[in-house]
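Below: the structure, in structure tokens.
For reference, positions follow the sequence shown, starting with 1. When reading the values below, keep in mind they use all heavy atoms of this one structure, side chains included, and skip hydrogens, waters and symmetry mates.
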Amino acid sequence: MSFDYLAYAMPTELIQTLRKYPEEFLNIFYESNYAEEFDEVQDEYNEDVEKIGAASAKKLYEYVQFLLENEDQTLDLDGEYWAAPTHFFLTGEFDEEEVLPQPPFTIKREANRLLINALGCTDSVQTEESMILFTSAEQAAEIAKTLPELLEEDFKKRWNELCTQTGQFTDAFEEAQDLDEFIADLREFMHEVLIPFYQNLANKKMGVVVMFD
């Protein structure tokens, strides 16, 4: 299943807007990526702007402009070849029929394994076109605090144990060298991208919104 994974740092106020008005949020969010002025968004989606309120709509527009200028506030990942296996590594969850299966936890400590739902979320809203996931600022801060613990683990051992336990990704790598390269890339992604992304969320007291294209 091919898809793009997009996670955005998001202020709590805008997450509340998303929760209450998911369809209108999505329309204004996407239009704001192309509109040069807020008036253009207002003209295109006047009913949506009126429904959520002009002030809230303008805040969303302005925040999208901020995201466009600050790429480090977004995780843009290939879903099939990166987000899905990384999500599996973090949570032990995978389903070929589902874009990104969502376990009902943010952080879970099993007898011998730490599971962290960092690419997924425990909350979601449904629009006509897609499902949007979101994580609160409090949950994001908890993830930021816990993620570094994974760097102390043997990544290859964890991966192999999860594959054996679940029966997933057992044939994902034809050569041992391919698995070793994936594990090295995964550790680098965790250290250089995912952990700093969540540390930024915690520092700014922000949550995260996840969309799929």
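By the 4.5 Å heavy-atom criterion applied to side chains, I116 and L150 are counted as neighbours. Taking 4.5 Å as the limit, every side-chain heavy atom of M10 sits out of range of all side-chain heavy atoms of L201. Side-chain contact check for L90 versus M190: some heavy-atom pair is nearer than 4.5 Å. Inter-residue side-chain proximity for I132 and V209 is flagged as met; some heavy-atom pair is nearer than 4.5 Å. The shortest distance between side-chain heavy atoms of F88 and C163 falls below 4.5 Å. No side-chain heavy atom of F25 sits less than 4.5 Å from a side-chain heavy atom of T127. Residues L133 and D123 form no side-chain contact, since every pair of their non-hydrogen atoms from C-beta on lies 4.5 Å or further apart. Residues N33 and L67 fail the side-chain proximity criterion, which asks for heavy atoms closer than 4.5 Å.
In this structure, H87 contributes its side chain and P101 its backbone to a donor-acceptor pair below 3.5 Å. Formation of a donor-acceptor pair under 3.5 Å by the E23 side chain with backbone atoms of E128 is found in this model. Although no hydrogens or angles enter the test, the distance criterion places no donor-acceptor pair under 3.5 Å between the side chain of S130 and the main chain of Q126. Not one N or O on the side chain of T74 forms a donor-acceptor pair closer than 3.5 Å with the backbone of D76. Side-chain atoms of N203 come within 3.5 Å of backbone atoms of Q199 as a donor-acceptor pair (strictly under, hydrogens ignored). Checked by atom type and distance alone, the side chain of N117 pairs as donor or acceptor with a backbone atom of G120 at under 3.5 Å. When atom types are taken as modelled, the side chain of R187 and the backbone of L151 share a donor-acceptor pair closer than 3.5 angstrom. Between the side chain of N70 and the backbone N or O of D72, no donor-acceptor pair lies under 3.5 Å.
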Discussion item. Before you tell me yes or no, could you show the steps for D180 and K156 under side chain to side chain contact (heavy atoms under 4.5 Å, CB included), namely the whole-Å CA-CA distance, both residues' side-chain angles and the distance that decides it to 0.1 Å?
Written reply: CA-CA 8 Å; D180 290 341; K156 188 173 182 179; 3.0 Å; yes

Worksheet item: Is there a salt bridge (Lys or Arg N to Asp or Glu O under 4.0 Å) between E161 and R113 once you walk through the steps?
Response: CA-CA 10 Å; E161 287 178 349; R113 185 176 296 127; 3.6 Å; yes

Worksheet item: Hey, mind stepping through F38 and V41 against side chain to side chain contact (heavy atoms under 4.5 Å, CB included) and telling me if it holds?
Response: CA-CA 5 Å; F38 174 66; V41 178; 4.3 Å; yes

Practice prompt. Run the numbers on S124 and Q102 for side chain to side chain donor-acceptor pair (under 3.5 Å), then give the verdict.
Written response: CA-CA 10 Å; S124 65; Q102 298 306 308; over 6 Å; no

Practice prompt. Take T12 and K205 through the test side chain to side chain contact (heavy atoms under 4.5 Å, CB included) and record every step on the way to the result.
Written response: CA-CA 8 Å; T12 296; K205 294 181 172 57; over 6 Å; no

Practice prompt. Evaluate the criterion side chain to side chain contact (heavy atoms under 4.5 Å, CB included) for residue pair Q73 and Y8; output intermediate values, then yes/no.
Written response: CA-CA 6 Å; Q73 305 299 305; Y8 303 96; over 6 Å; no

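Annotation: the span from D95 atom CG to E93 atom CD amounts to 9.0 Å, rounded to 0.5 Å. How far CG of N200 is from CD1 of I195: 14.0 Å, rounded to the nearest 0.5 Å. If you take CD on E153 and CG on L114, they are separated by 6.5 Å, rounding to the nearest 0.5 Å. A distance of 10.5 Å separates OG of S136 from CD of Q16, quoted to the nearest 0.5 Å. One finds the CG atom of L186 at 10.5 Å from the CD atom of E188 (value rounded to the nearest 0.5 Å). For the atom pair CG of L60 and CG of L14, the computed distance is 5.5 Å after rounding to the nearest 0.5 Å.
For E192, the CD atom sits in a packed shell: over 12 heavy atoms of surrounding residues, nucleotides or ligands are nearer than 6.0 Å. No more than 12 heavy-atom neighbours from other residues, nucleotides or ligands sit within 6.0 angstrom of CD on E47. When the shell of 6.0 Å around CD of E71 is examined, it contains 12 or fewer heavy atoms from other residues, nucleotides or ligands. With a 6.0 Å radius and a threshold of 12 heavy atoms from other residues, nucleotides or ligands, D171 has its CG atom at or below the threshold.
The shortest non-hydrogen separation linking V210 to C121 is CG2-SG, 3.8 Å. Of all heavy-atom pairs between M211 and L26, the closest is SD-CD1, 4.0 Å. What you find for A57 and I28 is that their closest heavy atoms are CB-CD1, 4.0 Å. Between Y5 and L119, the shortest heavy-atom contact is OH-O, 2.6 Å. Of all heavy-atom pairs spanning G92 and T166, the tightest one is O-CG2, 3.9 Å. Considering all non-hydrogen atoms of both residues, A118 and L194 come closest at CB-CD2, 4.2 Å.
L147 is not connected to L115 by any chain of hydrophobic side-chain contacts under 4.5 Å among Ile, Leu, Val, Met, Phe, Trp and Tyr, and they are in different clusters. One hydrophobic cluster holds both I143 and L75 under the rule that ILVMFWY side chains link at heavy-atom gaps under 4.5 Å.
Residue pairs meeting the ring pair (Phe, Tyr, Trp, His ring centres under 6.0 Å) criterion with at least one member in residues 101-156, sequence neighbours excluded, are F89-F155. Sorted by first and then second residue, the ring pair (Phe, Tyr, Trp, His ring centres under 6.0 Å) pairs involving residues 192-213 (not counting sequence neighbours) are F3-F212.
Checked against ring pair (Phe, Tyr, Trp, His ring centres under 6.0 Å), Y81 has no partners two or more places apart in sequence or in another chain. Partners of K58 by salt bridge (charged side-chain N to carboxylate O under 4.0 Å, His left out), not counting sequence neighbours: none found. For R109, the side-chain hydrogen bond (donor to acceptor under 3.5 Å, both in side chains) criterion is met by E149, not counting sequence neighbours.
The hydrophobic cluster containing Y45, built from Ile/Leu/Val/Met/Phe/Trp/Tyr side-chain heavy atoms closer than 4.5 Å, comprises no other residue.
Annotation: Y61 is not in aromatic contact with F29 [ring centroid separation under 6.0 Å not met].
Ring geometry, F173 versus F182: the interplanar angle falls from 30° to 60°, so the pair is classed tilted. Taking the six-membered ring where tryptophan is involved, the planes of F189 and W82 are perpendicular, since the angle between them exceeds 60° and thus also 30°.
With no hydrogens or angles considered, no side-chain donor-acceptor pair links S32 and Q65 at under 3.5 Å.
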